[in-house]
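Just so it is clear, the model here is predicted, and its values are computed rather than measured. Naming convention: chains lettered A, B, ... in sequence-line order (proteins, then strands); numbering from 1 in each chain.
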Amino acid sequence: DGSAFVVGAATLGSVLLVALGLPLALFVARQQPGLIVQKALNPDVHRVLYLGVYGPLLAALASLLFGVPLARLLADGFPGQQVIESLVDLPLVVPHSVAGIIILFGFGQGGAFPSVSVLGTMTGMVLAMSFVSAPYAVNAAREAFESIDDRLEYASRIHGASRFQTFRRVTAPLAVRGIVTGGVLAWARAVSEFGAVAVVAYTVEFFYLPAGESVRAQHAPVFVYNTYLTGGLEESGAVAFLLLAVSAVIFLIVR
Amino acid sequence: DGSAFVVGAATLGSVLLVALGLPLALFVARQQPGLIVQKALNPDVHRVLYLGVYGPLLAALASLLFGVPLARLLADGFPGQQVIESLVDLPLVVPHSVAGIIILFGFGQGGAFPSVSVLGTMTGMVLAMSFVSAPYAVNAAREAFESIDDRLEYASRIHGASRFQTFRRVTAPLAVRGIVTGGVLAWARAVSEFGAVAVVAYTVEFFYLPAGESVRAQHAPVFVYNTYLTGGLEESGAVAFLLLAVSAVIFLIVR
Amino acid sequence: MGLSADVTATFTADGADAFVVDATVEVERGESLVVLGPSGSGKTLLLETVAGFHDHEGVVSLDGEALNGLDPEDRGFGFVFQDYALFPHLTVTENAAYGTRYRDDHRDPDDLLAELGVADLCDRYPPTLSGGEKQRVALARALAVRPKVMLLDEPLAALDVPTRQALRDDLAAVLDDVTAVYVTHNRTTARAVADRIAVMRDGQIVQTGTPEAVFERPASPMVAAFTGSNVIAADALRGVVDVPADAMTAAVRPEHVALVDGTGDGGDLTGEVARSVREDAAHRITVDLDADDPRAELSTGAVADGGDARLSLFVADDPPAPGERVGVSVPPERVTLFAAAE
Amino acid sequence: MGLSADVTATFTADGADAFVVDATVEVERGESLVVLGPSGSGKTLLLETVAGFHDHEGVVSLDGEALNGLDPEDRGFGFVFQDYALFPHLTVTENAAYGTRYRDDHRDPDDLLAELGVADLCDRYPPTLSGGEKQRVALARALAVRPKVMLLDEPLAALDVPTRQALRDDLAAVLDDVTAVYVTHNRTTARAVADRIAVMRDGQIVQTGTPEAVFERPASPMVAAFTGSNVIAADALRGVVDVPADAMTAAVRPEHVALVDGTGDGGDLTGEVARSVREDAAHRITVDLDADDPRAELSTGAVADGGDARLSLFVADDPPAPGERVGVSVPPERVTLFAAAE
């Protein structure tokens with residue numbers, strides 16, 4: 001009876017693992033090495049991969065900069081907290097293309113800041129990425145703060161450290177792992193975002209350090225989609241493979 | 001010093017809340033009620049919303065069916081667990097359009113199951129949705145199982161209940177809340193998915209219960225994007241508003 | 001002068017009723033006050049409120065100067081926690097020295113660690129220490145800031161019995177000339193440490209006095225039971241004590257009850273030995289008294305199973321066996337009577 | 001016949017060294033064996049291994065029949081946990097009756113709840129109960145299946161002192177004719193409950209015997225300290241005991257040490273009172289002996305702060321004050337000598 005239970009669970013679980021693992025394995029197996037090498041040597045692809053890491057990095061840093069203090073306040077608790085929590089978590093359930101539309105309504109033409117242009121700009125792309133990835137940074141940092149025993153902060157303060165000194169000497173060192181994890185999660189989420197970026201900033205102009213000049217490119221998932229539409233599955237597969245390799249590296253950092 | 005610290009944190013946090021809340025508020029404020037009513041009465045939109053809830057529901061149920069047993073095994077621990085964990089979490093960092101490409105490589109033409117057609121079919125859409133949403137179901141269920149004190153299961157077994165009886169009388173009742181949350185999270189994730197669905201199944205044919213016949217439609221986020229491309233921001237905004245209302249309801253269920 | 005706290009604080013947890021702490025404590029300078037109470041009586045919340053960790057109404061003052069309104073870091077206290085609360089990312093020395101950079105008047109943490117017998121642990125990190133070692137380091141951290149008042153929250157509760165006894169002795173020595181508030185549910189610890197004891201229940205102080213006064217003259221059956229007295233139906237003592245009509249319950253400490261020779265012919269009361277348990281210093285004998293009219297039910301709060309006419313007592317040697325009939329003497333002047341069973 | 005377990009099990013936790021439990025215990029039918037040891041000695045892991053919760057090597061057998069290989073549910077045991085482990089989604093009655101549907105030979109859970117004094121809690125849910133009430137329900141749940149062996153893992157550790165004493169008495173009565181393995185770090189509980197005691201340390205049994213044998217004749221300084229004996233430098237007793245050259249450490253129980261009149265002229269040893277602490281039955285007096293050559297350091301494992309020439313003893317009345325000089329008598333036949341300080 002006992003082992004039957006385990007076998008049953010393992011069988012059902014295996015179906016899921018096949019559904020997740022098999023396409024991945026076939027995807028890797030069916031790549032044409034020549035095509036991958038060709039794409040890997042293509043300067044256009046270089047720019048895309050550069051942008052695909054760099055843009056999300058800006059978004060993740062912004063998420064941390066503004067998200068960690070908020071996470072700290074949420075961990076302490078305050079009146080009306082639930083409303084703020086809902087607002088923070090909302091982007092998690094907003095359909096990705098709708099998120100893009102919302103950004104355009106908020107910050108695009110006729111939006112809050114007429115002097116800031118978001119449609120097809122780097123600003124818009126980072127905004128869109130921050131919108132979808134900030135919840136990850138806030139929630140991970142908040143968990144990190146909440147996992148610290150209150151009494152450690154009590155012990156610090158009663159023995160003379162101010163609130164700020166306590167944060168610097170006790171809270172921050174103990175939470176730093178969780179905060180970094182949150183940053184990497186936000187980064188990964190921004191790298192993977194397609195819908196919101198496709199709506200807000202299909203193509204952007206940005207300063208490309210290796211060339212020392214401004215160039216135009218697409219966010220990597222958008223570029224994969226574009227390649228799929230214009231060049232077909234094989235060609236997009238090769239680009240996707242390169243992007244997946246980048247994602248896998250980020251993934252390994254997360255773990 | 002103490003209050004300065006809180007004020008500083010609140011200020012930085014507010015920037016994030018503005019970045020999340022302002023576009024949402026402006027998005028709602030700038031809608032044209034007439035256009036929304038018009039879209040809400042449009043049978044095409046009805047089909048899209050129906051599909052946008054129904055497809056993800058299938059994906060969420062599949063994620064639970066195959067994911068909960070796996071979550072149970074992961075909570076217990078087994079050799080080689082880390083590899084399985086990585087596989088389960090991988091879809092979280094795979095860029096959305098790449099996920100679609102991977103599904104096509106795995107199950108599309110020349111893939112694992114030649115008799116199953118995924119490109120532009122309901123099967124493909126549910127597969128793509130399951131691929132991106134299953135990790136949420138597995139992780140939430142796993143957390144639910146792990147939060148149950150081992151000793152409760154010990155207490156059940158030592159007093160005569162078999163492994164399966166223990167699962168039915170102790171583990172499952174205590175974990176059911178977490179499992180349901182996982183299902184809703186997976187549902188929400190599938191509702192919001194755009195990239196993978198856009199690649200695998202831009203338009204699908206499905207049995208539409210209200211009309212009692214098969215019809216063709218797009219997944220809601222794809223439809224929003226399509227409307228944006230063909231009809232402009234205003235019109236897509238009205239559709240996005242309706243979809244956002246549906247997402248908000250799901251969101252309230254999650255909380 | 002000394003520490004004086006008269007506070008009211010309300011605590012709410014999800015899904016539970018609000019818990020109100022409403023207590024007044026006074027501690028003379030150099031005195032150790034022990035707050036004794038069962039778990040859930042609000043002892044820890046009271047201590048944390050005095051420390052400034054929780055919003056409250058009322059006044060906390062030290063030598064006449066109001067402290068409420070001040071942040072915890074400005075109150076000049078030291079605090080020892082039940083679960084140690086050492087900083088896991090700092091070494092033992094760094095932990096002990098933690099507060100010294102904030103207080104000009106401090107002690108050398110290395111000296112303190114040596115005094116407390118943990119000087120050899122200097123460079124270790126807290127997760128690698130045993131419970132007793134951790135609590136010594138925590139004690140050094142609190143003493144290093146030369147606290148005006150030491151607050152201690154069940155510092156011995158998480159320790160093994162031998163470790164607890166050794167540290168209890170050291171604690172009693174350390175607290176000798178320190179103003180301290182010490183929270184515990186352990187009556188032996190309370191007696192070892194206290195100059196005065198305040199018994200707490202349901203967020204309120206129900207009795208304050210010297211250990212002698214609280215243990216010998218408990219103010220209620222709950223205090224009597226919690227300090228280790230026998231709590232029995234007053235009727236069971238009618239033979240030896242003048243029991244007024246409204247007295248429901250009587251309390252007498254087991255160390256004042258004595259066995260007398262023979263099967264009751266010489267004793268004031270007779271009964272049958274129910275149990276004999278060897279404790280550290282003596283055998284604890286439990287005797288079921290022969291009572292004509294024992295009350296059927298006696299709820300004493302802390303001890304639901306107190307029994308109606310059952311007395312504990314201690315004998316050093318040759319304990320009677322269970323089932324033996326014995327005579328028992330109860331000195332009338334040691335009995336406390338209560339009007340209601342509470 | 002009875003329960004016999006000879007097991008080896010290895011436990012690994014992230015980032016810690018593997019912990020090995022390698023122990024043999026034998027329990028006669030109807031006997032209560034107490035496994036006594038400090039926290040971290042592996043007592044609980046041993047108990048859980050016997051119950052079948054962990055993979056292990058070796059044999060667990062009951063009345064000669066091997067149980068290892070059987071699932072926990074097929075071993076016929078009952079288990080009481082330190083933290084109660086009641087099912088939070090089931091009522092008290094449902095908890096108590098949990099195992100009855102799986103065992104044909106069971107007792108009426110309602111009767112048991114009544115016997116244990118918690119019949120009035122029937123329809124409540126565990127989270128609303130006090131600690132003592134929870135543990136009574138957990139006891140009923142275990143007894144309801146008429147277990148062939150009761151396994152108890154520190155069932156009293158989480159309780160207040162008065163609650164603990166009341167439940168300890170009831171437990172001792174319940175376990176009277178039940179085959180039981182009872183794990184605790186509390187020596188008083190061990191003496192109250194045990195027919196035999198096995199002392200555990202670092203995953204191994206270091207001494208087994210009757211309570212009398214283990215408490216009076218400890219096999220090592222660690223056992224001596226953990227059972228409450230004085231552990232001192234053997235040299236400090238040269239005046240009263242014939243100390244062989246290789247004897248480093250001596251143990252003597254405090255209840256065998258007595259004060260003698262005068263400032264030492266009549267006693268075997270002299271010293272100064274360091275502390276006097278009132279415990280339940282008597283005053284615990286700590287005396288620093290006047291020793292010519294006390295060993296500077298004595299590590300006894302459990303009590304790092306044991307002191308080199310410091311003796312505890314009990315007096316019932318009129319305790320001497322700290323600082324007073326006293327004479328102390330130590331009966332030579334009560335002293336246990338150890339070759340090494342371990």
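Here B:Val199 is the residue among B:Thr166, B:Val224, B:Val199 with the most heavy-atom pairs under 4.5 Å with chain A. Residue with the most contacts toward chain B among A:Pro95, A:Ser130, A:Ser97: A:Pro95 (heavy-atom pairs, distance under 4.5 Å). Among B:Trp187, B:Phe105, B:Phe194, B:Phe27, the residue with the largest count of heavy-atom pairs under 4.5 Å with chain A is B:Phe105. Heavy-atom pairs under 4.5 Å with chain B peak, among A:Pro135, A:Gly21, A:Ala134, A:Pro91, at A:Gly21. Per-residue counts of heavy-atom pairs under 4.5 Å with chain B were compared for A:Ala240, A:Ala99, A:Ala220; the largest is that of A:Ala240. With respect to chain B, the highest number of heavy-atom pairs below 4.5 Å among A:Leu92, A:Leu127, A:Val15, A:Thr11 belongs to A:Val15. For the set A:Ile84, A:Val138, A:Leu17, A:Val239, the count of heavy-atom pairs under 4.5 angstrom toward chain B peaks at A:Leu17.
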- Task: Just do the side-chain contact (heavy atoms from CB on, under 4.5 Å) check on B:Val93 and A:Ser192 with the steps written out, would you?
- Result: CA-CA 6 Å; B:Val93 295; A:Ser192 70; 6.0 Å; no
- Before giving the answer on side-chain contact (heavy atoms from CB on, under 4.5 Å), spell out for A:Gln109 and B:Leu233 the whole-Å C-alpha distance, their side-chain angles and the decisive distance to 0.1 Å. CA-CA 11 Å; A:Gln109 273 194 317; B:Leu233 188 60; over 6 Å; no
- Query: Going through the checks in order, is the side-chain contact (heavy atoms from CB on, under 4.5 Å) test met by A:Leu90 and B:Leu20?
  - Reply: CA-CA 9 Å; A:Leu90 195 63; B:Leu20 296 177; over 6 Å; no
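With contacts defined as side-chain heavy-atom distances shorter than 4.5 Å, the pair A:Leu22/B:Phe107 qualifies.
Scored by the side-chain hydrogen bond (donor to acceptor under 3.5 Å, both in side chains) test, B:Gln81 finds B:Glu85 as partners (sequence neighbours excluded). In this view, A:Tyr228 satisfies the ring pair (Phe, Tyr, Trp, His ring centres under 6.0 Å) rule with no residue, not counting sequence neighbours.
Both the backbone and the side chain of B:Glu193 come within contact range of chain A, with heavy atoms under 4.5 Å apart. In this structure, chain B has a heavy atom under 4.5 Å from the side chain of A:Arg189, while its backbone stays farther away. Neither the backbone nor the side chain of A:Ala29 comes within contact range of chain B; no heavy atom of the residue lies under 4.5 Å from a heavy atom of that chain. Neither the backbone nor the side chain of B:Phe223 comes within contact range of chain A, judged by heavy atoms closer than 4.5 Å. Contact of A:Val88 with chain B is made through backbone and side chain together, with heavy-atom distances under 4.5 Å. Residue B:Ala62: no heavy atom, backbone or side chain, is found under 4.5 Å from chain A. With a 4.5 Å cut-off on non-hydrogen atoms, B:Leu229 does not touch chain A at all.
Along residues 241-248 of chain B, the residues that come nearer than 4.5 angstrom to chain A, judged on non-hydrogen atoms, are B:Leu243, B:Leu244, B:Ser247 in order of number. Interface residues of residues 68-80 of chain B toward chain A, defined by a heavy-atom distance below 4.5 Å and sorted by number: B:Pro69, B:Leu70, B:Leu73.
A pairwise comparison of heavy atoms in B:Gly106 and A:Leu26 identifies O-CD1, 3.2 Å as the closest pair. Of all heavy-atom pairs spanning B:Leu104 and A:Arg30, the tightest one is O-NH1, 4.3 Å. For the pair A:Gly67 and B:Leu16, the tightest heavy-atom approach, listed with the atom from each and the gap, is CA-CD2, 3.7 Å. A:Phe131 and B:Pro23 make their closest contact through CE1-CG, 4.2 Å (heavy atoms, listed as atom of the first residue, atom of the second, distance). Listed here is the closest heavy atom pair of A:Leu65 and B:Leu12: O-CD1, 4.1 Å. Here the closest non-hydrogen pair linking A:Ile101 and B:Ser236 is CD1-OG, 3.1 Å.
In this structure, A:Gln31 places its CD atom where more than 12 heavy-atom neighbours from other residues, nucleotides or ligands lie under 6.0 Å away.
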